[in-house]
Amino acid sequence: MPEGHTIHRLALDHVRDLARQPLQVSSPQGRAVETARVLDGRAFAKVDAYGKHLLYRFEDELTLHVHLGLFGKFRRQASPPEPPVGEKRLRMVGDRWTVDLSGAVACALIEPDEEEALLARLGPDPLRRDADPERFVAALRRRSIPIGAAIMDQKVIAGIGNVFRAEALHVDGIDPLLPARELGDERARVLWRTMAKMLADGVRERRIVTIRDARDKPVTAGRAPKGEGPRTRADRVRHKTVHVYRRRDCHDCGGPVETYPMAGRTVYTCPACQPAGSAGPSPTPALADGPAPTLDLG
DNA sequence: AGGGTATGGTAAT
DNA sequence: TTACCCTACCCTC
């Protein structure tokens, strides 16, 4: 389940469960034995999350870098733990909780220069307070690749994966094939806010939640006063389900979901809600203005 | 038992 | 663009 929200949630959970106490660290699978040996008996003070990367700040300036990749998983159990089952790359045992890591792409100590290079490869992460949305806007302006490929590029925006790509573009009514630079700055800012909100909700609720602004939906009951357009609802609709990702039919309109490969992954899009060439409806001032949303990750 | 699939990313072609 | 890596789970045979 690893997109940005999962990674930030893990950082919070691991600080809560394991920080500031000496940990028993081992590598049952045997692929990170040296890393485990160095960290064994040490404590970490905090965990920094950048996009899909985790950085555990251990004593003595030691940093453990973890990237889950597609298959990586953390599992938690009460201490003392059961004997490891399966391919456990790293086991961290604290006084109350034990966390096992399996399937990760990266699980190793990194030096400051390597970390610098890593962070240089990442664009702004909407879940971080220090994120600058204008870097995202500027990056889109520079790219002729489809918007659906651009937001999967971690250098453009860090933390978005295939689910959020499908869902965010759908919520904003954007055709994934639209060239990134044709989105326009205002709509790019709206898209940033959509993704920031979805990611933040995902951290809080431990799952992907989409929130659709229903303002453009005509009110079915009642009649519009003469001379005025149809009345619209201003309420926001929360969906604890995806709208298009891995669905056959669109959750909003019921029409068939279209799929095709883009940037090495399958795109899911609703041609009715996201017509060809669409950059989405004009942003309303309420959505386009104001400071970028932030999340207190205290 | 074996195959297909998955929310990711890199390196080679 | 493709090949390949990492692991678990679910389906079919």
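Keep in mind the model is a prediction, meaning the values are calculated, not measured. Per chain, numbering begins at 1; letters A, B, ... match sequence-line order.
Remark: A/Glu115 engages A/Arg57 in a salt bridge (charged side-chain N to carboxylate O under 4.0 Å, His left out) (not counting sequence neighbours). By the ring-ring contact (aromatic ring centres under 6.0 Å, His included) test, A/Phe44 is found to be paired with A/Tyr56, A/Phe58, residues two or more places apart in sequence or in another chain being considered. Residues forming a side chain to side chain donor-acceptor pair (under 3.5 Å) with A/Arg248 (at least two apart in sequence, or on another chain): none. With sequence neighbours excluded, no residue satisfies side chain to side chain donor-acceptor pair (under 3.5 Å) with A/Ser102. Listed by chain and number, the residues in a side chain to side chain donor-acceptor pair (under 3.5 Å) with A/Glu59 amount to none (sequence neighbours excluded). Applying the ring-ring contact (aromatic ring centres under 6.0 Å, His included) test to A/Tyr50 and every residue at least two apart in sequence or in another chain returns nothing.
If you take CG of A/Leu68 and C1' of B/dG8, they are 10 Å apart, rounded to a whole angstrom. Between the CG atom of A/Leu70 and the P atom of B/dG8 there is a distance of 6 Å, rounded to whole Å. The distance between atom CG of A/Leu199 and atom C1' of B/dT7, rounded to the nearest whole Å, is 12 Å. Remark: P of B/dG8 and CG of A/Asn162 are 6 Å apart, rounded to the nearest angstrom.
Applying the side chain to side chain donor-acceptor pair (under 3.5 Å) rule to pairs touching residues 23-32 of chain A yields A/Gln29-A/Glu87, A/Gln29-A/Arg89, sequence neighbours excluded. Among residue pairs with one or both ends in residues 153-166 of chain A, those qualifying as side chain to side chain donor-acceptor pair (under 3.5 Å) are A/Arg143-A/Asp153, A/Asn162-A/Arg165; sequence neighbours excluded.
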Measure all distances between protein nitrogen or oxygen atoms and nitrogen or oxygen atoms of nucleotides 9-13 of chain B, and list the pairs falling under 3.5 Å.
from	atom 1	to	atom 2	distance (Å)
B/dG9	OP2	A/Lys52	NZ	3.1

Query raised in the report: What would the secondary structure line of DNA chain C be in dot-bracket form, counting Watson-Crick and G-U wobble pairs under 3.5 Å, with [ ] for pairs that cross earlier ones and | for pairs with another strand?
Result: |||||.||||||.
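Protein chain A contacts DNA chain C from C/dC6 to C/dC9, reading 5' to 3' and using non-hydrogen atoms of the protein with a distance under 4.0 Å.
Contact annotation for A/Arg165: no contact, since no heavy-atom pair falls under 4.0 Å across all strands.
Side chain to side chain, A/Thr266 and A/Thr259 fail the donor-acceptor criterion of an N or O pair below 3.5 Å.
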Sequence neighbours left out, cut at 3.5 Å: what donor-acceptor pairs do the side chains of residues 144-151 of chain A make with other protein atoms?
none

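Taking the six-membered ring wherever Trp is involved, the centroid distance between the rings of A/Phe164 and A/His5 falls below 6.0 Å.
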